[in-house]
Amino acid sequence: MSRLTQCFETLSNAGRKAVIPYIVAGDPTVASTVPMLHSLVAAGADVLELGVPFSDPMSEGPVIQRGHERGLANQVSLTQVLEMVTEFRQQDQATPVIIMGYANPVERMGYAVFASECATAGVDGLITVDLPPEEVGPLNVELHKVAIDNIFLISPTTPAQRIKTITANASGFIYYVAVKGVTGAGNLDSSDVGVHLDLIRAETGLPICVGFGIKDAESAAAVGVMADGVVVGSALIDTMTNAMESGSSLDEGIEKAVTLLRSIRAGVDNM
Amino acid sequence: MTEMISPDLFASVPDPDGRFGPYGGKFVAETLMSALADLERVYRDLSCDSDFQREFDSDLAHYVGRPSPLYEASRMSDAIGGARIFLKREDLNHTGAHKVNNTIGQALLAKHMGKKRIIAETGAGQHGVASATVAARLGLECHVFMGAEDIKRQSLNVYRMKLLGAEVVPVTSGSKTLKDAMNEALRDWVTYVDNTFYIIGTVAGPHPYPMLVRDFQSVIGREARRQSLAMTGKLPDALVACVGGGSNAIGLFHPFLADEKVTMYGVEAGGHGVETGQHAAPLSAGVPGVLHGNRTYLMQDQNGQIMETHSVSAGLDYPGVGPEHAWLKDIGRVNYVAANDDEALAAFHHWTRTEGIMPALETAHALAYAEKLAAEMTPDQHIIVNLSGRGDKDILTVAAIEGIEV
Ligand SMILES: Cc1ncc(COP(=O)(O)O)c(C=O)c1O
C-alpha cells in the first residue's frame, strides 16, 4: 500500500482530516526548506506538498508567484527539489511528500528518469497543473512502474462527465480546486464545494482534499467537515513573507507560518 | 524529404486532440478545459456554417479593406538584381497589420458564444490594438495584458488602445514581455472564465487556438495565390515571412503547403545573434517542451526553465512558437532562419528609402532575409514577402536606438 493510501486510511479510521501545507522549494532560502518541512509535520501536517519553482507559473496568484521567483533566484531546479526530498527522508520515512509543479521541467528531465528519481528520493505523489488526463498518458505509464500516485485537479467548471475521465486516471487522492481562479484568490463558497464533492464522490472512492481559498482555521474547518483533507499554501507563504518584510528574521517568519498551520490543525480537529 | 509528403497531410492537422505530429495539444489547468471544449465545439459548428463565413468575409472586405494588394517592389528588385520581390500588403489593413484578420474572426466567435468581456495579450501592441478595435465595434469590454517592458517601447500603441476604450493592464512579473502577458491573460481567463473570451493573438496556446487562428489568417495566402497567378501567371518560387508566434507566416504559407515547388522561409528574431544566446529564435536554437498550453520548440535552459528572450521588435520577443511551425520544421517543409537586430534595422531603413514603405520592425526581419534570398535567385523567379505590418508604431524605438530625439 502506498504511503498516501496508508496515511488516508489511518486518518479515516481515526475520524480525522488531512492537513496539507504547500511551500515552494528554496523559498525563502535553500537551507530553510527541509527544516521547515519537519516543523510543519511537527505542527500537525499529515501530507506535504512541495512546489517546484517554474519560470511561468500560470495558475499561481501573486503570493505563490513571488515564491517561485525566490526559489528560482536561489537556483532551485527539479533535481534539487528531489535532493531536498531525499534529505527530508533521512529523518522522516512516514509522512507522504507530493511534488507540485508544471510540465516543462518534468519534460526536460524526461519522464522515465523523472519517475525513477522520484522513487529513489522518496516522493509519493505528483501534481502537474498543466498535464490534464488528455496529455498525461506517457508520464502515467512511467509513474505506474514505480508506484507513484498521480493526483489530479477537479475544478468548479469540470462537467460531470469529465469527472469520470479524471478519476479513472487518478490515484492517491483527488484535489478539488474550490475557486475559479489562481492560487490565493477570492473566498470559497463552502455550500458550492459541498455540491461538487458529492458529484465527485459519486464517481470515486478516493479521498478528496480541497485547496485554493483556505486561509485560516475557520475556512479550513468549514471545508474540513465535507472533505477528507484541506490544502493551504498562499496563506502560509503570505504570513511568512509579510513577517519578514516587516522586519522579522527568517526563523521568525517561518515560525509564524508554522503557527498558522498549527491553528489550522486545531480548527480542523475541533470542528 | 519534401518529395515524400502527400498533399493531404497538411489538411489532416491538427488531429482531433489538437496535435501537429508530436506538437500542440491542450496543456492547461483543469479549470480551462471545459472552456476550450466549448470553444472547439462552437468553432467546429461555425466554421462550416455559410452565414458565419459570409459575415467573416464581409467584415474582412468592408471593415478591414481586403483583399490586400500584392505589390511588386520593382525598385528594390532591380537594386538587388535577383528574383522579383512582391509584397503582400497586410500593412494596408485597418489598424495596420495582419493581426486584425484574426481578431475579427475571434470576435465573431465571442459574439456567437454570448461573451461580453474579451481579454488579449500583446507584445508590439498590434494585436492589442486589433482586439481593442473589434471590442469597440461590438461594444465589448476589453482588457489587454502587456508586459511593462513592452509598454515602454510601444507607447503609441498603448495610447491607441486606451483611446479605443480598452484597459491596458501592465504585467510586471518575469521578463515583463509577451510571455508574461500571456501568463497573466491565462490567469485572468481562469478567474473570469464564465463571461470572458480570450482572443489569443497568434497560432500558439492550447488547441483549438493554433488551428482557428491559422484558419482566420489563411485568407492572406489564399489571396496571394490568386494574385500571383493573375500577375505573373505562376505560383511564387519562394515565400518569406517573419515568425514570432507564427500567425502571419502560417497565414501566408498554409494555402501553399501542398505546392511542392514553393519553397518557404520563416524568419525568426536573431536578436544580438543566435550564437550569443540573446535572441528569440526557438526554431533555430530551441528544444521542444511545454508552455502556454502546447508542446513546441522553446528557448529553455537545461532545467526546463523558460529563458528570457531578446529582440529589437516586441512582437517577435517570445520564447515559443506555434506548434504547426514546430511540425513543419521537423518534416522539412519550411526552412527556419534568423535575422539579427541590426539586419532588421538596416532593412527598415533600406525599404523605407527604396520603396516608400515603412515596415514594422517585426516585418523588417522578413525583408532583411528576402534581400539575401533574392540575390541568390534569378529574375525569372519571384518571391512573396508577407509585409505583416506598418512601421509607424516603431518610429520612437528606431529614433531612440539612433539617439535621435523626436
Ligand atoms: C506587424 C507584425 N508582424 C508580425 C508579428 C509577429 O506575430 P506572428 O508571428 O504571430 O505573425 C507581430 C506581432 O506583434 C506584428 O505586429
Side-chain angles (χ1 to χ4, degrees), chain A residues 52-62 65-66 68-69 71-72 75-81 101-110 114 128-138 152-159 161-163 165-166 175-177 179-183 185-186 212, chain B residues 16-19 22 24-38 171-175 178-196 205-207 287-296 298-308 319-320:
Chain A
V52 182
F54 183 50
S55 51
D56 295 82
M58 284 158 299
S59 291
E60 317 300 345
Q65 277 176 49
R66 297 290 106 77
H68 280 249
E69 284 170 10
L72 284 179
Q75 317 270 320
V76 174
S77 65
L78 180 53
T79 305
Q80 265 183 298
V81 175
Y102 293 81
N104 201 51
V106 176
E107 292 261 323
R108 191 67 204 256
M109 183 176 276
F114 171 72
T128 316
V129 180
D130 50 352
L131 279 184
E134 286 78 354
E135 305 293 354
V136 85
F152 286 89
L153 307 181
I154 290 182
S155 91
T157 61
T158 307
Q161 188 52 39
R162 214 181 131 70
I163 293 178
T165 317
I166 296 174
Y175 187 142
Y176 180 69
V177 174
V179 290
K180 283 176 212 157
V182 292
T183 48
F212 284 44
Chain B
D17 297 323
R19 296 219 171 74
K26 280 194 216 181
F27 295 82
V28 296
E30 176 57 27
T31 308
L32 294 178
M33 288 302 283
S34 68
L36 291 174
D38 288 348
V171 177
T172 55
S173 54
S175 58
L178 183 53
K179 96 176 161 72
D180 309 282
M182 194 146 179
N183 289 334
E184 212 52 44
L186 286 164
R187 290 181 187 120
D188 179 286
W189 198 26
V190 168
T191 310
Y192 302 105
V193 62
D194 294 333
N195 69 342
T196 298
H207 180 65
V287 184
V290 171
L291 180 70
H292 293 154
N294 68 98
R295 183 179 280 119
T296 187
L298 297 173
M299 289 183 52
Q300 53 172 314
D301 68 15
Q302 73 279 9
N303 296 315
Q305 305 296 348
I306 307 307
M307 295 187 335
E308 298 206 355

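Chain identifiers are assigned alphabetically (A, B, ...) following the order of the sequence lines, protein sequences preceding nucleic acid strands; residue numbering begins at 1 within each chain.
A side-chain donor from one of B:N183 and B:H292 sits under 3.5 Å from a side-chain acceptor of the other.
For a residue to count as touching a neighbouring chain, one of its non-hydrogen atoms must lie under 4.5 Å from one of that chain's; by this rule B:I306 touches chain A with backbone and side chain alike. The part of B:V193 that comes within reach of chain A is its side chain, from C-beta onward, which places non-hydrogen atoms under 4.5 angstrom from that chain. Proximity to chain A is absent for every atom of B:D188, based on heavy atoms less than 4.5 angstrom apart. With a threshold of 4.5 angstrom between heavy atoms, A:M58 approaches chain B through its backbone and through its side chain. With a threshold of 4.5 angstrom between heavy atoms, A:P62 does not approach chain B through any atom at all. For A:I154, the part sitting under 4.5 Å from any heavy atom of chain B is the backbone (N, CA, C, O) and nothing else. Heavy-atom distances place the side chain of A:E69, and not its backbone, under 4.5 Å from chain B.
A:Y102 and A:F54 have parallel rings, their planes meeting at less than 30° on a 0 to 90° scale where 60° marks the start of perpendicular.
Take B:S34 and apply the side chain to side chain donor-acceptor pair (under 3.5 Å) test, not counting sequence neighbours, and it matches no residue. Remark: A:Q80 pairs with no residue by the side chain to side chain donor-acceptor pair (under 3.5 Å) rule, at least two apart or across chains.
Of the listed residues (B:D194, B:D180, B:L186, B:L32), the greatest number of heavy-atom pairs within a distance under 4.5 Å of chain A belongs to B:D194. Each of A:R108, A:R162, A:K180 has some count of heavy-atom pairs under 4.5 Å with chain B, and the biggest count is that of A:R108. Ranking B:E184, B:R295, B:Q300 against chain A, the residue ahead of the rest is B:Q300, based on heavy-atom pairs under 4.5 Å. Residue with the most contacts toward chain A among B:R19, B:M307, B:M182, B:E308: B:R19 (heavy-atom pairs, distance under 4.5 Å).
Note that CZ of B:R187 and OG1 of A:T183 are 8.5 Å apart. Values are rounded to the nearest 0.5 Å. To the nearest 0.5 Å, atoms CG (B:D38) and CE (B:M33) are separated by 11.5 Å.
Salt-bridge formation is not detected for the pair A:R66/A:E60: no Lys NZ or Arg NE/NH1/NH2 atom is positioned less than 4.0 Å from an Asp or Glu carboxylate oxygen. Between B:D17 and B:K26, none of the side-chain N atoms (NZ, or NE/NH1/NH2) sits under 4.0 Å from a carboxylate O, so this pair counts as no salt bridge.
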